[in-house]
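Inspection log for the structure reproduced underneath, given as structure tokens.
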Amino acid sequence: MGIDFSKKTLQSERSRSYDALNYRIKIKIDIDRKSFDGEMTATLSALKDGLETCVLDAEEFVVTSILSDWGDPLKFEQTEKELLVRLPRPYRLGEILSFTCFYHGRDPKIGLRFYEESPQNPPLVASDSWPDHVHHWFPCFDYPNDKVTHELIATVKSGFKVASNGRLVCVAEDKAAGTTTFHWSQDLPHSTYLIVLSAAPYIVVQDSYKTIPVNYWVYPQDEKKALPTYGKTPRMIEFFSRTFDYDYPWSKYDQISVPFGGGAESTSATVIGHGIMVDARDEADFSTDMIVSHELAHQWWGDLITLRSWAHAWMNESFGTYSDYLYCRYEMGDDEGAVDLLGKLNDYLREAKTRYIRPIVSDRYDKPGDMFDAHTYPKGALVLHMLRNLVGDEPFFKILSYFLHRYAFDVVDTNDFIRSVRTVTGQNLDWFFDQWLFKPGHPVFDIKSEWDEARKIVRLKVAQVQDFAKGIPVFRVPVAVKIVTAKGKDTKKVWIREREETFEFPAETKPLLVRFDEGNTLIKEVSFPKNHDELLYQLKNDDVIGRMEAAGEFLRFKDDPRAAAGLGASAQSDPFWAVRRSAVEALAATGSRRVSAVLKKICLDTNSSVRTAGLKALGDLKDRDLIGFFKDRFKKDASDLARAEALQAMGKTGDPAVVPFLKEAASVPSHRDMVRRAAEDAMKQIGAKKETGKGERS
């Protein structure tokens, strides 16, 4: 396996000799020249007696002078990464001091990004402060364990608007200079990486939640996309405020378009990559609910309370990721929530199986970004889901509320959360956190079941077969086992504690289905072979995740015509789209051309993801006789996903006769140009096949 995190650098929380109380940043930005002139006044409190030198983080700009709060010049030294300020005298523990730094910079490589005008964006400048880049545009103590208030007074050329944290104090126009100055004030403390600045000729689409302004800062060409993209935000704020039992804590909430990244939370203002913007037509296929709800949730998890050090990155991201699941389930229902959790599990397992495993909480990393991976995001979210299952819904949400109220506007680590769990529930769950947060990996179960007709019992043999040599523990977990017979369903909760265990459950008749981990709570891999009849019953009768699993398991019987019949029926008639899609994918994996007629029907499904899967499966047949069908679906389907897949399917046939059609299709507007890219890719496939003589015909 790839990376060994145990060999990464041993890190510790950064120490400091002062407590930064406030930064007042005045910055004049020349977007055309990609330069800035700054003036930063720091107000600090000494954390030791005899403080004579303040060390600030500072890179990629030049400090020209520093003045004391009395206006006297101070001596200083600037290195490649730091600014050392010599104070006029030693300061006592707790004594307040301030000074002002004057500096200028030009087009820093990170921290503050300048963009020239392009077809995608207007000219603009936007900060990229996370995780420790804010000191590339003003000097500060740039580590999350120090929370400050701040003011930002930014001057830009007229016609531009400046977005930042907190409340807008005033806007001043200087017509003679051709500039506008925006004065923002963040009155409540937060960590430096959450400080944001973005300036562009924005259109600000106004919304609200109760008395709280909610604004969407978008490029002029995207004004009509603002509400399809962000319009659920007030509803999300109401949901999270109620769910966390803590009202939205800031004076407003802005979402700001930038050319880079997905989303990056900052206090009361989130910057989000312009690429997520959707219009009303594309909203169903490219929902922004997950990213919008995730970044909003950070206003509590990450901004109100903040990780003390990067070792505890899960305190921000696992809680944010679990929050986007909570909203998904609230907005879309239990089945959509279950599929969302399955997606998170698969994201983590993909990383664990192909890249590395590590403890979620780890002080081994080379740079902060190392910690922001599928362990921190989805695995940590799933750990929270297991904790909820363990303690119960009401205690779980009481824990969240207590934790937020107890540590509001403070920095936290994992032990703070563990103490909160113990305080609220009275339970010592150190064993749970030890195996899931401080140890790597997950259980890999090898399961067998048999029905003992003489004793009328189901015997379930459970073995944990994970690689213990890698430090993965034997897991202690509660699990729900469902036994379905002709007389009904019976679910039993058992505890797994050993490498190998056997459980017995009463069953008067042979089970129709034995289901391990009903409710799909555990982080796990499972090998649990079932016979054809049991899988067919599961495919028709289990919950959404069970039906999806059964569809995938049918590949063991791909040569059995009954399997294709069962999958075909599921693909056409299951009430939930994700099960239909799983059945389509399983049908495709059989490689049989006999399913072509069924797949053509599936390409008319009401759900675009299912139609897309059907088109992909048909395309994999490389049948030139289907080209007319693909052309028809391209012309008639309203979904960019399905239309792009229809073009890809034409490319797979290798038929050069479709090239004129593909060239014409490439000019069709689509979300993120996906239709054009699919057409170009299809033409490349045809060119490659033509050159190598690999075009196929059935």
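The distance from atom OG1 of Thr288 to atom NZ of Lys225, rounded to the nearest 0.5 Å, is 12.0 Å. Atom CD1 of Ile291 and atom CG of Asp289 lie 11.5 Å apart (nearest 0.5 Å). A distance of 9.5 Å separates OG in Ser266 from CD in Gln186, rounded to the nearest 0.5 Å. Between atom CD of residue Gln255 and atom OG1 of residue Thr233 there is a gap of 4.0 Å, rounded to the nearest 0.5 Å. Taking CZ from Phe114 and CZ from Arg106, the interatomic distance works out to 9.0 Å, rounded to the nearest 0.5 Å. Taking NZ from Lys367 and CH2 from Trp310, the interatomic distance works out to 13.5 Å, rounded to the nearest 0.5 Å.
Here the closest heavy-atom approach between residue Gly568 and residue Leu587 is recorded as CA-CD1, 3.9 Å. Considering every non-hydrogen atom in both Ser127 and Trp137, the closest pair reads CB-NE1, 3.8 Å. Residues Pro234 and Tyr209 share a closest heavy-atom pair of O-CD1, 3.6 Å. Between Gly369 and Trp130, the shortest heavy-atom distance links the atoms CA-CH2, 4.4 Å. Heavy-atom minimum distance, Ser129 versus Tyr193: CB-O, 3.4 Å. Nearest heavy-atom pair across Gln299 and Pro249 is O-CG, 3.8 Å.
Under the 4.0 Å criterion applied to side-chain N and carboxylate O atoms, Arg643 and Asp640 are assigned as salt-bridge partners. The pair Asp373-Arg355 fails the salt-bridge criterion, with no side-chain N (NZ, NE, NH1 or NH2) lying under 4.0 Å from an Asp/Glu carboxylate O. Checked for salt-bridge contact, Asp632 and Lys635 miss the test: no charged N lies under 4.0 Å from a carboxylate O. The existence of a salt bridge linking Arg677 and Asp673 is excluded, since no basic side-chain nitrogen approaches an acidic carboxylate oxygen closer than 4.0 Å. Using a cutoff of 4.0 Å between basic side-chain nitrogens and carboxylate oxygens, Glu680 and Arg676 are scored as salt-bridged.
Of the N and O atoms on the side chains of Asn121 and Ser118, at least one donor lies less than 3.5 Å from an acceptor on the other residue. Side-chain polar atoms of Tyr230 and Asp207 form no donor-acceptor pair below 3.5 angstrom. Tyr202 and Ser257 share no donor-acceptor pair across their side chains, judged by distance under 3.5 Å alone. No hydrogens or angles considered: nothing links the side chains of Asn165 and Ser268 as a donor-acceptor pair under 3.5 Å. Under 3.5 Å, the side chains of His133 and Glu59 contain no donor-acceptor pair of N or O atoms. Side-chain N/O atoms of Asp285 and His671 include no donor and acceptor closer than 3.5 Å. Side-chain atoms of Glu317 and His298 form a donor-acceptor pair, as typed in the model, at a separation below 3.5 Å.
Taking the ring axis of Phe629 as reference, the NZ or CZ atom of Lys600 stays within 45° of it and closer than 6.0 Å to the ring centre. By the 6.0 Å and 45° rule, Arg547 does not stack over the aromatic ring of Phe576.
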Check against side chain to side chain contact (heavy atoms under 4.5 Å, CB included), Phe138 and Ile27: CA-CA 9 Å; Phe138 72 89; Ile27 187 166; over 6 Å; no
As a quick check of understanding, evaluate salt bridge (Lys or Arg N to Asp or Glu O under 4.0 Å) for Arg235 and Glu331, giving each step before the final call. CA-CA 10 Å; Arg235 176 177 170 86; Glu331 181 72 22; 2.7 Å; yes
Steps toward side chain to side chain contact (heavy atoms under 4.5 Å, CB included) verdict (Asp620, Lys652): CA-CA 7 Å; Asp620 288 341; Lys652 292 174 185 177; 2.7 Å; yes
Chi angles and distances behind the side chain to side chain contact (heavy atoms under 4.5 Å, CB included) call for Tyr348, His442: CA-CA 10 Å; Tyr348 158 67; His442 55 273; 2.8 Å; yes
Would Ile523 and Lys379 count as a side chain to side chain contact (heavy atoms under 4.5 Å, CB included) here? Give the steps. CA-CA 8 Å; Ile523 301 172; Lys379 184 183 182 184; 3.9 Å; yes
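Without hydrogens or angle criteria, Ser164 side chain to Val196 main chain gives a donor-acceptor distance under 3.5 Å. Listed for the Ser191 side chain is a donor-acceptor partner under 3.5 Å among the backbone atoms of Pro144. Side-chain atoms of Asp347 do not come within 3.5 Å of backbone N or O of Ala374 as any donor-acceptor pair. Judged by distance alone, the side chain of Asp222 and the main-chain N or O of Val218 form no donor-acceptor pair under 3.5 Å. Asp279 places a side-chain N or O within donor-acceptor distance of the main-chain N or O of Arg281, the cut-off being under 3.5 Å.
Checked against the 6.0 Å centroid threshold, Tyr377 and Trp314 do not count as a close aromatic pair. The aromatic ring centres of Trp301 and Phe244 sit less than 6.0 Å apart. Aromatic rings from Tyr322 and Phe319 are positioned such that their centres are separated by 6.0 Å or more.
The only option from Arg611, Arg581, Arg580 that meets the side-chain hydrogen bond (donor to acceptor under 3.5 Å, both in side chains) definition with Asp605 turns out to be Arg580.
Residues Ser596 and Leu626 are in side-chain contact: their nearest non-hydrogen atoms beyond the backbone lie under 4.5 Å apart. Between Val579 and Val544, the closest side-chain pair of non-hydrogen atoms falls below 4.5 Å. At least one side-chain heavy atom of Thr376 sits under 4.5 Å from a side-chain heavy atom of Arg358. A heavy-atom distance below 4.5 Å is found between the side chains of Phe661 and Leu647.
A 6.0 Å sphere centred on NZ of Lys232 holds more than 12 heavy atoms belonging to other residues, nucleotides or ligands. Annotation for Glu116: atom CD does not count as buried by contact number, only 12 or fewer foreign heavy atoms lying within 6.0 Å. Annotation: Glu223, atom CD; neighbour count of heavy atoms from other residues, nucleotides and ligands within 6.0 Å does not exceed 12.
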